Structure formats: structure tokens, C-alpha cells
Amino acid sequence: MAYSLAQQEALKEFKQDIGHLNALSNTNRQRLIVILGAAKNNSGVKVSDLADAIGLSQPATSHHLKRLKDIGMVASRHEGNMIYYYLTLDDTIARLERLAGALKRQTEEYETGESQDN
């Protein structure tokens, strides 16, 4: 099957954003993002508080936070022996907007009959 330019663009965005999409597919990581997004200030939330909030052990919570940190969805700061996590979603939001735009262009191409029928 030959893909239209819009389809190729959408597939390229999926490939580039697979790490973010995989991270967002996990329920525990979704819950961490929601909790961090609801934090009252930008100073971050301790791992122990996050673990209590989602009902996981601290090591399991740290594992999920590491996955989110590795792709730039969260960042951390150290204060003594404590580590505080906070959201850094700018890149993730930009990636999702690009993917949504690529999918929208593909849909518009299909609806206007401009796509290649192969």
C-alpha cells in the first residue's frame, strides 16, 4: 500500500512519539501525572506522598517516575535526602499536538478525496 503524504506524516509522528505514547498508556503513570498536575505549587511532590496517593510501594512508584523522567514528562529536584517530582509537560504537549495535527490533516485529506486510493 502506498501512503499519502499526510499518512506518512502521521506514521512519522507515531514513530517519533512512541516513548511518550507508551508512557501514557500505563494507568499508574497516568495517575502520577494527574496527581502532579494537581499539586498546589510548583515545588514538587515527594515520592513517599506519590506512592501513598496511588497505592504502590515507593520502589514501584520510583520506577514509574523514572520512566516519566526519562522522556521528559517529569523532572525532580533534591532537597537534602528528599526528592521532589514535578511536571514538565511542554515537550509532551507539543508532541501530542503535532501528532493530533498530523492525524487531522490525514482525516481532512480523506474527507476531501485528496488521498491516494491504493
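A quick note: this is a predicted structure, and the numbers were derived from the prediction, not measured.
The shortest distance between side-chain heavy atoms of Gln106 and Glu9 does not fall below 4.5 Å. Within the 4.5 Å cutoff, the side chain of Leu50 has heavy atoms near those of the Tyr85 side chain. Looking only at side-chain heavy atoms (C-beta outward), Thr61 and Asn28 stay at 4.5 Å or farther from each other. Side chains of Leu99 and Phe14 form a contact here, defined as non-hydrogen atoms less than 4.5 Å apart. Leu24 is listed as a side-chain neighbour of Leu96, based on a closest heavy-atom distance under 4.5 Å. Between Leu103 and Glu13 there is no side-chain heavy-atom pair separated by less than 4.5 Å.
The minimum heavy-atom distance between Arg31 and Gly55, with the atom names listed, is NH2-N, 4.4 Å. What you find for Ala23 and Met73 is that their closest heavy atoms are CB-SD, 4.3 Å. Nearest heavy atoms, Leu65 versus Val74: O-CG2, 3.7 Å. Scanning all heavy atoms of the two residues, the minimum distance from Ser48 to Gln58 falls at CB-NE2, 3.2 Å. Across all non-hydrogen atoms, the minimal contact from Ala10 to Ala102 is CA-CB, 3.7 Å.
Screening residues 54-68 for salt bridge (charged side-chain N to carboxylate O under 4.0 Å, His left out), with sequence neighbours left out, gives Lys66-Asp70. Here salt bridge (charged side-chain N to carboxylate O under 4.0 Å, His left out) pairs that include residues 15-28, with residues two or more places apart or in two chains, are Asp17-Arg95.
Formation of a donor-acceptor pair under 3.5 Å by the Thr88 side chain with backbone atoms of Gly72 is found in this model. Judged by distance alone, with hydrogens and angles left aside, the side-chain atoms of Arg29 form no donor-acceptor pair with the main-chain N or O of His64 at under 3.5 Å. In this structure, the side chain of Gln8 engages the main chain of Tyr3 through a donor-acceptor pair within 3.5 Å. Judged by distance alone, the side chain of Gln7 and the main-chain N or O of Ser4 form a donor-acceptor pair under 3.5 Å. Panel note: side chain Arg105, backbone Gly101; a donor-acceptor pair is recorded below 3.5 Å.
Shown are Thr27, Leu32, Val34; of these, the side-chain contact (heavy atoms from CB on, under 4.5 Å) with Ile54 is made only by Leu32.
Leu56 and Val47 fall within a single hydrophobic cluster, where Ile, Leu, Val, Met, Phe, Trp and Tyr side chains are chained together by heavy-atom contacts under 4.5 Å. Taken together through direct or relayed side-chain contacts under 4.5 Å among Ile, Leu, Val, Met, Phe, Trp and Tyr, Leu21 and Ile71 form part of one hydrophobic cluster.
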